[in-house]
Amino acid sequence: MKYLVEMTGTKVIVHGIRDFNLRETLECGQCFRWNEEKDGSYTGVAFDRVINVKLDGDILIIDNTNLSDFNDIWFDYFDLGRDYGRIKDILSQDEVLKEAIKYGEGIRILRQDTWETLISFIISQNNRISQIKKVIENLSKALGHPIYYKDSVYYTFPKIKDIIVSDAEILNSSKCGFRAKYIIDAASKIFDEEINLFELQLYDTDFIRDLLMRIKGVGEKVADCVILYSIGRYEVFPVDVWIKKAVEFLYLKKKITNKDIQYFAKEKFRELAGFAQQYLFYYAKDHVSKEKFIEREK
DNA sequence: CTCCAGGCATCTC
DNA sequence: GAGATGCATGGA
């Protein structure tokens with residue numbers, strides 16, 4: 001991937017972008033802190049910074065940043081070093097994925113902060129994306145740090161210690177409901193160094209999954225989301241209700257256990273299973289109803 | 001009013 | 001192990 005990168009004022013401008021759609025990438029349920037502006041750009045908070053991103057053809061404009069942050073953070077965050085065209089070519093050999101990819105051809109898998117991803121997906125359980133976003137925003141307002149951009153105030157995601165020192169009242173007022181005790185357990189186990197969240201990269205995927213699942217409220221699905229979206233192990237295939245429906249209806253035409261779905265995906269998509277999962281999830285949400293596939297003419 | 005949401009813990013067999 | 005049930009909260 002070759003890009004021409006230039007800096008003007010507070011903007012970093014990247015020429016030569018391919019396979020990138022902001023809405024598909026930022027609203028496909030892998031992240032929760034981005035909001036669309038009237039001009040189609042997106043403003044969001046990540047890694048203690050607020051930025052605005054805009055795509056104009058093959059030009060990506062990142063505002064409120066600098067070259068060193070682009071190189072150290074945003075290049076990896078938006079996964080700009082990866083050739084998604086090649087991934088899509090390979091996955092498109094499968095007819096179902098070919099359709100799914102056509103529907104979300106600008107999806108990229110973000111490389112997010114591990115702690116934020118862990119808490120976000122703990123909150124995601126038995127919840128809706130709109131509600132998940134609200135709870136995370138509440139938590140950030142209550143326990144994060146204010147940062148300013150264009151006359152607006154944004155809030156960083158709370159640190160581990162912010163959760164540790166917060167009392168139950170604040171957590172409850174953030175409306176995370178029964179998940180509050182899970183968030184506290186996650187923060188405690190990490191703070192006490194029972195789980196070293198910042199060494200996970202060193203271990204193999206199964207070991208990381210076992211470690212994360214020692215946290216109350218973290219099962220296979222949440223663990224796999226953390227591993228895929230923040231550790232970058234692209235062979236994992238998080239199985240949620242939508243993926244389950246998609247695999248059952250689009251591939252197997254019968255009911256199947258979550259474990260068998262993982263075997264199926266691992267066998268079929270190999271080291272690209274994580275990408276396949278993301279395309280399928282985005283497609284299934286709009287094309288697979290509770291029980292059946294919705295036929296739609298083009 | 002009832003039902004349910006990018007699951008998981010817990011209990012039962 | 002597999003199956004059933006409760007869970008905070010708010011929107012449809």
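So you know, we letter chains A, B, ... as the sequences are listed, proteins then strands, and number each from 1.
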> Quick one: A/Lys259 NZ to C/dG3 P, roughly how many Å, whole number?
Replying inline: 16 Å
>> With a 4.0 Å limit, can you tell me whether A/Lys216 has a side-chain N or O closer than that to the phosphate oxygens OP1/OP2 of B/dT10?
In response: yes
>> Please report the distance separating the P of C/dT5 from the corresponding atom of B/dC3, rounded so that it comes out in whole Å.
In response: 14 Å
>> Just the rounded figure in Å: distance from C1' of B/dG6 to CG of A/Asp224.
In response: 12 Å
>> Donor-acceptor pair, distance only, cut-off 3.5 Å: does the side chain of A/Asn64 make one with the backbone of A/Val50?
In response: yes
> Contact class for A/Gln30 (heavy atom, under 4.0 Å): base, sugar-phosphate, or nothing?
Replying inline: base
>> Which label fits A/Phe70 and A/Phe75: parallel for a plane angle under 30°, tilted from 30 to 60°, or perpendicular past 60°?
In response: perpendicular
> Across the strands shown, which category fits A/Val222 at heavy-atom distances under 4.0 angstrom: base, sugar-phosphate, nothing?
Replying inline: sugar-phosphate
>> Work out how far the P atom of B/dC11 is from that of C/dA8, and round it to whole angstrom.
In response: 15 Å
>> Tell me whether A/Arg108 contacts the main-chain N or O of A/Asp79 through its side chain, where contact means a donor paired with an acceptor under 3.5 Å.
In response: yes
> A/Lys221 has an atom NZ; how far is it from atom C1' of B/dA5, in whole Å?
Replying inline: 12 Å
> A/Lys175 side chain: which of C/dT9, B/dG6, B/dG7 is closest?
Replying inline: C/dT9
>> Given the structure, check if the side chain of A/Tyr229 and the base of B/dG6 hold any donor-acceptor pair shorter than 3.5 Å.
In response: yes
> Side-chain donor-acceptor pair under 3.5 Å between A/His15 and A/Glu6, yes or no?
Replying inline: yes
> May A/Phe121 be described as stacking on the base of B/dG6, applying a 5.5 Å centroid limit and a 30° limit on plane angle?
Replying inline: no
> Going by heavy atoms in the side chains, are A/Ile183 and A/Ile122 under 4.5 Å from each other?
Replying inline: yes
> How far, in whole Å, is C/dG6 from B/dC4 if one measures between their C1' atoms?
Replying inline: 14 Å
> Looking across every strand, which nucleic acid part, if any, lies under 4.0 Å from A/Cys31 by heavy atom: base, sugar-phosphate, or nothing?
Replying inline: nothing
> Rounded to whole angstrom units, what separation is found between the CZ atom of A/Phe178 and the C1' atom of B/dG7?
Replying inline: 7 Å
> Would A/Phe121 and A/Tyr229 count as a close aromatic pair, with their ring centres under 6.0 Å?
Replying inline: yes
>> Using whole Å, what does the distance between atom P of nucleotide C/dC7 and atom CG of A/Asp185 come to?
In response: 20 Å
>> Rounding to an integer number of Å, can you tell me how far A/Asn127 CG sits from C/dG11 C1'?
In response: 11 Å
>> On DNA chain B, does the nearest nucleotide to A/Met213 precede the nearest nucleotide to A/Cys225 from the 5' side, or the other way round? Give the residue.
In response: A/Cys225
>> When the C1' atoms of B/dA9 and C/dG10 are compared, how many Å lie between them, rounded to an integer?
In response: 23 Å
> Within this structure, what is the CD1-to-P distance between A/Ile107 and B/dG6, rounded to whole angstrom?
Replying inline: 16 Å
> Taking only side-chain nitrogens and oxygens of A/Lys181, does any of them come within less than 4.0 Å of OP1 or OP2 of B/dA9?
Replying inline: no
> Less than 3.5 Å between a donor and an acceptor, one on the side chain of A/Arg128 and one on the base of B/dC4, is that the case here?
Replying inline: yes
>> What contact category does A/Gly217 fall into here, base, sugar-phosphate, or nothing, at under 4.0 angstrom with non-hydrogen atoms?
In response: sugar-phosphate
>> How many whole angstroms separate atom CD1 of A/Ile129 from atom P of C/dG10?
In response: 19 Å
> Below 4.0 angstrom from OP1 or OP2 of C/dG11, is there any side-chain N or O of A/Lys134?
Replying inline: yes
